[in-house]
Amino acid sequence: MQQFDKLYLLRRELLRKKLAKVEALHKWKVGSAGFQPARDAPKLAEAGAWHGRQGGLKRAAIKPPTAPNIPPPRPGATFTVPSAPFFDPTLLTCGLKTRFTWPHPPLVFAMSIARSTVQQLLATPADHLDREVLAKGWVRARRGNKYVQFIALNDGSCLANLQVVAAAEHFSDEALTGVANGAAVAVRGRLVASQGKGQAVEIQATEITLYGGADQETYPLQTKQHSLEFLREQAHLRPRTNTFGAVLRVRHALAYGIHKYFNDNGFYYVHTPIVTGSDAEGAGQMFRVTTLAPEHPPRTADGSVDYSEDFFGKATNLTVSGQLEAEIAAMALGKVYTFGPTFRAENSNTARHLAEFWMIEPEVAFNELPENMNLAEDFLRSLVRYALEHCAADLAFLAEHYDKDLLERLRFVADTDFERLTYTAAIEILKSAKKKFEFPVDWGTDLQSEHERYLVEQHFKKPVILTNYPKEIKAFYMKLDEDGRTVRAMDVLFPGIGEIIGGSQREEDLGKLKARMAEMHVPEEELWWYLELRKYGTAPHAGFGLGFERLVLFVTGMANIRDVIPFPRYPKNAAF
RNA sequence: GCUUCCUUAGCUCAGCCGGUUAGAGCAUCUGACUGUUAAUCAGAGGGUCCCUGGUUCGAGCCCAGGAGGGAGCGCCA
């Protein structure tokens with residue numbers, strides 16, 4: 001009996017599905033013909049926004065049923081469509097009518113009005129004005145009198161604010177309560193040519209909705225300039241300022257430009273690990289990663305911490321460089337780059353260092369030092385050009401407020417060949433310089449900041465690439481020169497920044513690499529896989545590291561690296 | 001890690017040789033003003049002078065220690 005019931009229900013369900021399918025075949029459909037500009041229906045233009053793909057008009061063709069055994073409809077047949085608001089071009093009326101006579105021209109649907117960004121609204125051509133729009137953002141300033149109020153609206157899409165005009169005839173004082181500096185609002189109204197000076201367009205508001213107010217007694221940001229030090233303590237709110245909006249948009253453009261440059265030039269983006277089991281990357285102090293209890297870690301017989309008990313079964317750290325792993329990828333994919341976070345547990349207290357920063361590390365198989373220099377120079381100049389092209393308004397703002405010569409300097413770097421010379425030649429120049437240095441200049445010691453600055457800012461007056469440093473002051477993996485004294489290293493020095501790129505041709509000879517590791521006390525066991533790259537199919541290759549924030553620092557003209565990353569990490573500071 | 005400077009109203013800063021009730025601009029609040037745009041004008045409120053101790057008849061100011069911040073240097077990207 002039970003089984004019979006089950007079978008009955010199953011057959012009923014199948015029948016229902018079949019009927020639904022037949023019904024669907026007989027249905028008239030409203031096709032989607034894409035979005036059409038307002039010219040298709042001048043009357044409905046009133047209701048739609050011009051901007052973007054949203055909020056506009058949708059023209060939809062009528063599609064009769066197309067099932068194989070159904071004859072095509074005869075002229076005069078009636079049909080129904082879903083009862084959405086639409087515009088009937090044959091009648092020049094709007095409505096919710098659902099019955100039509102075949103054949104029928106396409107219907108025009110008014111889409112619900114959607115938000116436009118301030119950037120889109122400000123870029124509206126003059127012949128597309130006088131339309132209803134919806135903007136959402138944060139109030140930057142409100143001023144006016146009892147007849148008319150002006151609200152500067154910013155939504156982060158660009159530096160500029162949109163002026164919202166709220167006339168007293170539409171808005172009482174109470175209606176604008178809370179619409180003050182810092183508040184989030186939605187504004188509906190007509191986008192028109194501005195009556196005032198200072199902006200091309202403005203919104204004559206018809207409706208202002210307050211999402212969230214901001215208590216004027218306690219809101220930290222005011223309609224005036226704040227010091228960068230103060231804003232550093234307000235890292236959760238500083239993106240709402242002109243300065244940090246501009247910096248963050250430039251930062252984004254540079255990040256995108258980096259991926260674009262490499263993609264356009266046949267590089268593959270490889271993701272190197274953030275947690276690393278090797279502590280021999282040779283680039284500085286590392287942050288330990290562990291799940292062991294800090295108070296009572298397990299200990300071995302000799303009393304040291306027993307990392308075999310740890311999460312990974314060994315001691316692990318945050319990466320200081322993706323270079324060694326990038327070399328693995330380069331020896332397979334040819335041209336690769338990494339772009340990821342990097343960590344240095346060094347007690348560096350300067351305006352050019354962070355404990356957590358982003359680094360770009362290209363690595364190219366078969367490249368030698370000259371090709372490496374060409375890549376670094378072309379890469380940097382392309383990025384500066386990209387920023388000049390895509391961030392004009394933001395860079396102009398930063399130039400005006402922080403660095404008068406910014407645009408001039410960026411254009412200069414974009415257009416000028418870098419000076420290339422060896423470390424040895426640089427030492428000669430410094431020794432014969434009239435300037436007195438605090439630190440002595442001697443072949444074999446690393447150059448001090450003052451020496452680098454002299455070369456870049458006073459002697460050559462342009463970016464400089466220094467090459468062939470003494471082997472003692474450079475990392476173990478750099479290729480030894482024929483003289484056995486220097487290595488094929490290169491540092492790119494920029495005005496105001498100092499070292500922006502450090503790179504080299506890598507040692508591809510297994511024997512020489514092992515000898516260098518022994519000299520510099522780098523344990524071979526840890527890097528057995530790195531050595532195997534030289535054991536199997538070794539080839540010349542080269543690469544470099546670019547500190548992303550140093551690039552942003554240079555392009556924005558900001559003075560402190562803590563102001564070009566949203567949440568800076570530096571000694572004694574990990575707030576936010 | 002080293003050197004050096006700074007800490008006074010919500011913000012940016014004055015504050016003389018140690019002297020009576022600590023000031024300005026901006027911001028906030030109230031009012032005025034028919035299109036402002038760093039709006040303007042008038043008025044009002046707003047202070048643990050970073051903290052602790054000391055010197056002194058008397059300390060925002062001098063001394064010692066501590067905390068926080070900036071700049072420069074080192075390490076580097």
Side-chain angles (χ1 to χ4, degrees), chain A residues 140-153 160-169 180-182 192 194-199 202 204 214-234 241-242 281-285 320-323 338 341-361 376 401 437-439 445-453 473-475 491-494 497-503 544-554 559-563 565 570-573 575:
Chain A
R140 280 292 177 80
R142 182 178 149 196
R143 53 186 170 263
N145 50 49
K146 64 182 166 190
Y147 302 95
V148 60
Q149 292 279 313
F150 301 95
I151 299 159
L153 189 74
N161 299 329
L162 177 68
Q163 171 150 290
V164 175
V165 183
E169 47 184 308
N181 183 29
V192 298
S194 178
Q195 293 175 35
K197 289 167 194 164
Q199 60 279 318
E202 65 191 19
Q204 297 282 356
D215 179 5
Q216 296 304 292
E217 298 282 358
T218 57
Y219 183 57
L221 300 183
Q222 302 175 356
T223 57
K224 62 166 207 162
Q225 269 194 27
H226 289 286
S227 70
L228 294 170
E229 292 81 15
F230 171 72
L231 291 173
R232 233 167 267 158
E233 293 166 4
Q234 309 288 335
T241 62
N242 285 336
E281 289 165 10
Q285 289 290 313
V320 292
S321 163
Q323 180 202 312
T338 72
T342 312
F343 308 86
R344 303 273 166 92
E346 268 147 20
N347 192 13
S348 299
N349 294 287
T350 81
R352 299 182 311 283
H353 289 85
L354 290 166
E356 176 183 296
F357 63 100
W358 288 67
M359 190 152 63
I360 299 105
E361 293 172 291
H401 287 86
F437 296 111
E438 193 187 332
F439 292 90
T445 61
D446 211 351
L447 297 181
Q448 304 291 316
S449 284
E450 56 170 343
H451 304 142
E452 296 180 351
R453 294 187 76 120
I473 58 173
K474 287 292 179 184
D491 283 2
V492 181
L493 310 179
F494 259 33
I497 307 285
E499 184 180 346
I500 194 166
I501 276 181
F544 59 82
L546 167 70
F548 183 51
E549 282 75 18
R550 288 197 181 169
L551 176 70
V552 181
L553 198 57
F554 178 75
N560 194 314
I561 202 163
R562 295 166 189 179
D563 296 328
I565 186 168
Y570 49 96
K572 302 273 181 286
N573 198 306

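Letters A, B, ... are given to chains in the order of the sequence lines, protein chains preceding strands, and every chain is numbered from 1.
- Residue-to-nucleotide contacts include no donor-acceptor pair under 3.5 Å from the side chain of A:Glu438 to the base of B:G74.
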Completion exercise
Its dot-bracket string being built from Watson-Crick and G-U pairs below 3.5 Å, with | for another strand and [ ] for crossing, RNA chain B has the pattern (((((((..((((.....[...)))).(((((.......))))).....(((((..]....))))))))))))....

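- Of all nucleotides listed (B:G10, B:C75, B:G70), B:G70 comes nearest to the side chain of A:Arg562.
- Within the nucleic acid shown, A:Ile360 has no heavy atom closer than 4.0 Å to any nucleic acid atom.
- At a threshold of 4.0 angstrom between heavy atoms, the contacts of A:Ser194 include nucleobase atoms, whether or not backbone atoms are also involved.
- Within the 4.0 angstrom heavy-atom criterion, no nucleotide atom of any strand lies near A:Gln149.
- Taking only side-chain nitrogens and oxygens, A:Arg232 comes nearer than 4.0 Å to OP1 or OP2 of B:G70.
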Fill in the blank from the handout: Contact string for nucleotides 28-34 of chain B, one letter per nucleotide 5' to 3', B = base within protein heavy-atom range under 4.0 Å, S = sugar-phosphate only, - = neither, reads SS---BS

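- For A:Gln216, the CD atom is densely surrounded, since the number of other residues' heavy atoms within 6.0 Å is greater than 12.
- Using a 4.0 Å heavy-atom cutoff across all strands shown, A:Thr350 reaches at least one base atom of the nucleic acid.
- A donor N or O paired with an acceptor N or O is found under 3.5 Å between the base of B:U36 and the side-chain atoms of A:Gln199.
- A heavy-atom distance below 4.5 Å is not found between the side chains of A:Met359 and A:Thr338.
- Separation of the C1' atoms belonging to B:C73 and B:A9 is 36 Å when rounded to the nearest angstrom.
- Base orientation of B:C50: anti, the glycosidic angle falling outside 90° of 0.
- Among the heavy atoms of the strands lying under 4.0 Å from A:Asn560 are primed sugar atoms or P, OP1, OP2 only; no base atom is included.
- At a threshold of 4.0 angstrom between heavy atoms, the contacts of A:Ile500 are confined to the sugar-phosphate backbone, with no base atom among them.
- Applying the side chain to side chain donor-acceptor pair (under 3.5 Å) test to A:Asn560 and every residue at least two apart in sequence or in another chain returns nothing.
- Of the candidate nucleotides B:C73, B:G69, B:U12, B:C73 has the atom nearest to the side chain of A:Gln448.
- Nearest-nucleotide mapping onto RNA chain B: of A:Ala351 and A:Ser348, the residue sitting toward the 5' end is A:Ala351.
- The base of B:C73 is not paired with the side chain of A:Arg352 by any donor and acceptor separated by under 3.5 Å.
- Under 3.5 Å, the side chain of A:Gln195 and the base of B:G35 form at least one donor-acceptor pair of N or O atoms.
- In this structure, A:Gln225 and A:Glu202 both approach RNA chain B, and ranking their closest nucleotides by distance from the 5' end singles out A:Gln225.
- Within 4.0 Å (heavy atoms only), A:His226 reaches sugar-phosphate atoms of the nucleic acid but no base atom.
- Going from atom CD1 of A:Ile565 over to atom CD of A:Glu356 covers 6.0 Å, rounded to the nearest 0.5 Å.
- Across all strands shown, A:Phe150 has heavy atoms under 4.0 Å from base atoms, whether or not it also approaches the sugar-phosphate.
- The side chain of A:Met359 approaches B:A77 more closely than any other nucleotide in the set B:U36, B:A77, B:G69.
- Here the side chain of A:Phe357 is nearest to one of B:U12, B:C73, B:A77, namely B:A77.
- Contacts of A:Gly545 with the nucleic acid, taken as non-hydrogen atoms under 4.0 Å apart, involve only primed sugar atoms and P, OP1 or OP2.
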